[in-house]
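First the proteins, then the strands, lettered A, B, ... as listed; each starts at 1.
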Amino acid sequence: MATMTYREALNEALREEMDRDPDVFLMGEEVAEYDGAYKVSKGLLDVFGDQRVVDAPISELGFAGLGVGAAMAGLRPVIEFMTFNFAYLALDQIINNASKLRYMSGGQFKVPITFRGPNGPALQLGAQHSQACETYFLHAPGCKVVTPATPADAKGLLKASIRDDDPVAFMEGELLYNLKGEVPEEDDFVIPLGVADLKRVGSDVSIITHGQMVHLALQASDKLESEGIEAEVLDLRSVRPLDVDAILETVQKTNRVVYLEDSWPYAGTGAQVVSIIQEEAFDHLDAPVLRVTQADVPMPYAKNLEALAKPSVEQVLESCKKVLYR
Amino acid sequence: MAKAKTNTSSGAKTEDVLARHGVTAKIALELMQEMLLYRRFEEKAEESYAIGKIGGFCHLHIGQEAGAAGVIKVLQPEDYAISAYRSHTQAIAKGISPKAVMAELYGRVGGISGGKGGSMHVFGRDARFFGGHGIVGGQVPLATGIGWKIKYSGENLVCICFMGDATVNQGGFHECLNMAAVWELPVIYVVENNKYGMGTAFDRVSKTEISARSVPFDIPASSVNGQDVLSTFKHFRNLTEEVRSGGGPRLVELRTYRFRGHSMSDPVSGTYRSTEEVERHKEESDPIAILRHQLFAEGVLDQDTLEEMDVTAKTIAAEATDFADESPIPEPEALYENVWAATNVHGRLFFDGQRT
């Protein structure tokens, strides 16, 4: 195992995949000479040159769509959004083109493209720069959505995403880039999409979550432990494909579930997971499934309001106790 | 402030500069006072950011003050202005009090948006400053809509739409220029060309100059030295009257330079521009130094008066931070205020279990 940051793990994954496959290239705002707005692509320009590490103008729809066209024509683009907030400008290309081209063409085309960048609430960045965007990419069939929470997952899942023959929205936690963790040193460390990971084993209540919120769930679990409650934390890792077997397994084990996410509740990932649980594991439930989400408001700037808008450890504790009737 | 050279960077001689620009001494001194305020206000914001009183992203206009002062000075109070995220000074120029802008940066109740917008989202409806927009190019369609409203209502007004140079590569910019041209909307699209979209030099990602971008839509384009506030003022005074009298939209490149990093979280110089380049611009094209030199040469300003004006600017900036410091943080109830127009009668609007 090597210890590295989430940022370094992503950088390694990009480096290895670009080494492995000459069709892989990276394009986005500030990715080359500036080393990436979050320094994920640091040093790649020197290694791979400006044909493969390309600074784009601020034209999100344009370069996202360029990537889709290049993917149709046989390349394997990695398109970086400086943040997923800016990917809204490119939604037409991602949803109406990338996600539907295989279907619309009767399978003639594949679109092996990875859209990646930071996602999720950050610190006092206000309503347009601080939000979890995954629901937009999940809703229409055709695009996979991956949300790594640790350096190891970041590396293994990015490599899998780049190799995937469908479009993938690879959504990095904006607050996780400096997070350190162990990453396996094996030659080709790939984590398949659609496999959840038990980040903590417990028997009393399941906290199911994804992305940055995994760490909040773990903090809450530590507090619950001190009160004699053993929480299990299931990190979905990819929210589409969704590891339904892992969800049902933990429900059958603890019979009590809290879904935690930092996006909004309406039609969020948690809403889908709750639907699956009540359809497929209704008899295993001892309490209604509860959700902890971002408050159903745009993100406020003021520090105290922002803290109220984001999911908190306290809310997770409260919901866990509620499903335990404590 | 650096010492300006004998000639301004536009190459014009300083003699009779006021007469040549059709600017009275009174207006010129007001422009000086305003630019000093913007400089001192932004320096205060910089200090406050450094000690954690302002959070998130904070983009300063230091070096570009002539754009705020010279452009907005020509407007009537009912005219509109809208901008991107480097807009504190423009908001003040358009009539929002420095106190309300600073308190917004602090995330306090006394902020113009009640602390919910922050540095990138300063809005003042009464001052007709329509934001404060965080996504590159996001304000351009809105400005086009404001132009539409002016024309629709038969008003004798104009809308100024500020944007950075990188915006001209956004698709929405081109769509809007076409519509503004087709419908002859009274909008002046002002590109503040500070040479860099964040850390990317304009010409690294742009095939043609900014003034060429309106050619396909038959919109007259012009460029002006945005470090020379008198030139900027003169240019926009003429242009605004053309547009106000039904001349249709215009595109203006305001050639400028930012003296600080893209935002407070970015370096001033580094891989994308050298320290020497920044220092040279500060030496040669500081808008305050340029105007100072012009006004000294004209004999309408002396060092003592300038220093008094600077004290005034510093006092207003300090009063703004004092006000922001004393303004309370928002009440928790504010979290759910202004998401929707009003409490709903039928159906549920909120889905987080906290409000129904």
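- Put simply, the side chain of Tyr301(A) never gets that close to the backbone of Arg108(B): no donor and acceptor are under 3.5 Å apart.
- Residue with the most contacts toward chain B among Leu305(A), Asn85(A), Leu123(A): Leu305(A) (heavy-atom pairs, distance under 4.5 Å).
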Inset, instruction - Given side chain to side chain contact (heavy atoms under 4.5 Å, CB included), test Phe57(B) with His129(A) step by step and report yes or no. - result: CA-CA 9 Å; Phe57(B) 292 140; His129(A) 282 71; 3.9 Å; yes
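- The neighbour count for Glu277(B) CD, taken as heavy atoms of other residues, nucleotides or ligands under 6.0 Å away, is above 12.
- When side chains are defined from C-beta on, Asp352(B) does not count as touching Trp264(A), because their heavy atoms never get closer than 4.5 Å.
- Using a 4.5 Å cut-off between heavy atoms, Ala307(A) does not touch chain B at all.
- Looking at Asn304(A), the atoms closer than 4.5 Å to chain B (heavy atoms on both sides) all sit in the side chain, from C-beta outward.
- For chain A, the nearby part of Tyr106(B) is the backbone; its heavy atoms alone come within less than 4.5 Å.
- Chosen from Gly270(B), Gly197(B), Gly55(B), Ser206(B), the residue pairing most often with chain A at heavy-atom distances under 4.5 Å is Gly55(B).
- How far CG of Leu308(A) is from OH of Tyr336(B): 8.5 Å, rounded to the nearest 0.5 Å.
- Contact of Leu61(A) with chain B is not made at all, since no heavy-atom distance falls under 4.5 Å.
- More than 12 heavy atoms of other residues, nucleotides or ligands lie within 6.0 Å of NZ in Lys39(A), so this atom counts as buried by the packing criterion.
- Closest heavy-atom contact between Pro330(B) and Ala302(A): CG-CB, 3.6 Å.
- What you find for Asp55(A) and Val205(B) is that their closest heavy atoms are O-CG1, 3.9 Å.
- Separating the CD atom in Glu30(A) from the OG1 atom in Thr200(B) is a distance of 3.0 Å, to the nearest 0.5 Å.
- When heavy atoms are compared at a cutoff of 4.5 Å, Arg204(B) approaches chain A solely by way of its side chain, counted from C-beta outward.
- Looking at heavy atoms from C-beta onward, Lys303(A) lies out of side-chain contact with Ile329(B) at the 4.5 angstrom threshold.
- Between the CD1 atom of Ile58(A) and the CG atom of Asn169(B) there is a distance of 8.0 Å, given to the nearest 0.5 Å.
- Residues Tyr34(A) and Asp266(B) come closest through the heavy atom pair OH-OD1, 3.0 Å.
- Heavy atoms closer than 4.5 Å to chain B are found nowhere in Glu306(A), neither backbone nor side chain.
- When all heavy atoms are compared, the tightest approach of Gln128(A) to His133(B) is OE1-C, 3.8 Å.
- The two residues Gly56(B) and Leu125(A) make their nearest non-hydrogen contact at CA-CD2, 3.3 Å.
- Crowding of Gln278(A) atom CD: a count of heavy atoms from other residues, nucleotides or ligands under 6.0 Å exceeding 12.
- Looking at Met198(B), both its backbone and its side chain come within 4.5 Å of chain A, counting heavy atoms on both sides.
- Within a 6.0 Å sphere centred on CD of Gln51(A), other residues, nucleotides and ligands contribute 12 heavy atoms or fewer.
- Note that CD of Gln124(A) is 10.5 Å distant from CE of Met120(B), once rounded to the nearest 0.5 Å.
- By number of non-hydrogen pairs under 4.5 angstrom with chain B, the leading residue of Pro300(A), Pro57(A), Ala32(A), Pro298(A) is Pro57(A).
- When all heavy atoms of Leu335(B) and Ala295(A) are compared, the pair lying nearest together is CD2-CB, 4.2 Å.
- Using a 4.5 Å heavy-atom cutoff, the side chains of Ile135(B) and Leu89(A) are in contact.
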